[in-house]
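What follows is a set of notes on a single structure, which appears directly below.
What you see is a predicted model; the values in this text were computed from it and never measured.
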Amino acid sequence: MRPVAGSELRDLVKLSGLMLASGCAWYLGYVFADIIPEDTVSIAIQNLQNIGERPVIKAPLPKRQKCDHWSPCAPRSYAYRLLSGGGKEKMAKICFEDELLISEQRGNVGRGINIAIVNYFSGEMTAFIKDAPQGSLLLMVTHDDGSARLKDDGKKAIEELGSKEIRNMKFRSSWVFIAAKGFKLPDNIEKEKINHSDNRKNRYSGWPAEIQIEGCIPDNLI
């Protein structure tokens with residue numbers, strides 16, 4: 001028999017050790033698999049996969065404000081929003097303290113200038129304005145066209161309320177206006193806006209885009 005060299009003997013010992021280690025590892029894996037429930041292993045693997053994932057934080061839905069304002073009015077203030085009509089289909093709206101005074105839902109939007117007087121009701125437009133009692137808020141919006149039947153006495157009555165644009169109104173202009181009778185509105189609120197029809201820029205066929213103003217009015221002006 002040929003004698004085994006020293007290097008060959010070392011290789012043989014390494015191989016035997018490797019085989020023994022592999023056998024032990026297989027046996028231990030078998031034992032642990034039999035002892036540890038499969039659900040526990042699945043949970044552990046899932047937890048490892050979730051490490052490093054950023055938690056998803058959902059922002060709370062914004063609270064709805066009166067008249068759909070983005071932010072609430074200060075205490076003891078009235079919220080309002082005036083929206084002109086857009087084309088024939090988009091109806092004008094007047095909202096005051098979250099109540100729609102004029103809207104498609106109420107069925108009281110008409111072609112021309114729509115006027116709502118808070119806590120007051122009257123007839124034809126000029127008389128409607130003149131008969132409004134002292135201490136009234138007048139909110140006005142156009143729908144479709146407000147110029148065709150607007151007479152000079154109507155323009156004068158609105159002008160006397162502080163309008164700067166009523167005499168600039170053209171065919172199918174979008175216009176919104178808020179005024180006070182018997183008291184003065186704060187200087188820092190937007191009171192009037194107008195948008196003329198321009199075939200190069202109109203949002204709707206023959207009509208400009210609807211426009212709006214909104215704000216808050218303190219309740220201690222009178």
Test side-chain contact (heavy atoms from CB on, under 4.5 Å), reference F177, set V141, I194, L161, output is L161
State, with a plain yes or no, whether a side-chain heavy atom of L82 is found less than 4.5 Å away from one of M140.
-> no
Heavy-atom distance under 4.5 Å between the side chains of R106 and E99, does that happen here?
-> yes
How many angstroms lie between CZ in R81 and CD1 in I178, if you round to the nearest 0.5 Å?
-> 13.5 Å
Does the distance from a Lys or Arg side-chain N to an Asp or Glu carboxylate O, for E210 and R203, drop under 4.0 Å?
-> yes
4.5 Å side-chain heavy-atom contact, L83 and K90 | no
Enter the distance from T142:OG1 to M169:CE here, rounded to the nearest 0.5 Å.
-> 6.0 Å
R172 vs D144 side-chain heavy atoms within contact, under 4.5 Å | yes
Using modelled atom types only, decide if a donor and an acceptor are shared between the side chain of K193 and the backbone of I211 within a distance under 3.5 Å.
-> no
Begin with the C-alpha distance, continue with both residues' side-chain angles, and end with the deciding distance and a verdict on side chain to side chain contact (heavy atoms under 4.5 Å, CB included) for I129 and K181.
-> CA-CA 9 Å; I129 294 171; K181 191 171 182 182; 5.5 Å; no
Considering non-hydrogen atoms only, spot the tightest contact between I117 and A132 and give its length.
-> CD1-CB, 3.5 Å
Exercise: identify the closest heavy-atom pair between C67 and D98 | N-OD1, 2.7 Å
Closest approach of S71 to Q65 (non-hydrogen atoms, all atoms of both residues) | C-CG, 3.8 Å
Is I94 reachable from I189 through a run of hydrophobic residues whose side-chain heavy atoms are each under 4.5 Å from the next?
-> yes
Counting distance only, does the side-chain N/O of K93 pair as donor-acceptor with the main-chain N or O of E104 below 3.5 Å?
-> no
Judged by atom type as modelled, is there a donor-acceptor pair below 3.5 Å linking the side chain of R76 to the main-chain atoms of N220?
-> no
So, R200 and D198, do they make that salt bridge, N to O below 4.0 Å?
-> yes
Donor-acceptor pair, H69 side chain versus Y80 backbone, under 3.5 Å?
-> yes
Quick one: closest heavy-atom pair of S197 and N202, and the distance?
-> OG-ND2, 3.1 Å
Decide, yes or no, whether a salt bridge links R64 with D68 under the criterion of side-chain N to carboxylate O below 4.0 Å.
-> yes
Looking at NZ of K156 and NZ of K151, how far apart are the two atoms once the value is rounded to the nearest 0.5 Å?
-> 16.0 Å
Report yes if some heavy atom in the side chain of S173 is under 4.5 Å from a heavy atom in the side chain of S147; otherwise report no.
-> no
From C95 SG over to Q212 CD, what is the distance, rounded to the nearest 0.5 angstrom?
-> 11.0 Å
Could you tell me whether the side chain of K66 and the main chain of Y78 form a donor-acceptor pair under 3.5 Å?
-> no
Is a side-chain donor or acceptor of E165 paired with a backbone partner of S163 at a separation under 3.5 angstrom?
-> no
Here the gap from W175 atom CH2 to D145 atom CG, rounded to the nearest 0.5 Å, amounts to 12.5 Å
Determine, using the 4.5 Å side-chain heavy-atom cutoff (strictly less than), whether I113 and F171 are members of one ILVMFWY cluster.
-> no
N195 and W207: CA distance, side-chain angles, deciding distance, side chain to side chain contact (heavy atoms under 4.5 Å, CB included) verdict = CA-CA 10 Å; N195 187 21; W207 286 270; over 6 Å; no
Taking NZ, NE, NH1 and NH2 as the nitrogens, is one of them in R167 or E159 under 4.0 Å from a carboxylate oxygen of the other?
-> yes
Where do C73 and G215 come nearest, in terms of heavy atoms and distance?
-> SG-O, 4.0 Å
Where L137 and A180 come nearest, the two heavy atoms and their spacing = CD2-CB, 4.3 Å
Given side chain to side chain contact (heavy atoms under 4.5 Å, CB included), test V118 with L139 step by step and report yes or no.
-> CA-CA 8 Å; V118 176; L139 305 98; 3.7 Å; yes
Count the heavy atoms belonging to other residues, nucleotides or ligands that lie under 6.0 Å from CD of Q134, then report whether that count exceeds 12.
-> yes
So, the side chain of N108 versus the backbone of S103: is there a donor-acceptor pair under 3.5 Å, distance only?
-> yes
In this structure, CD1 of I213 is separated from CD of E192 (nearest 0.5 Å) by 8.0 Å
Same apolar cluster (I L V M F W Y, side chains within < 4.5 Å links), F128/L150 = yes
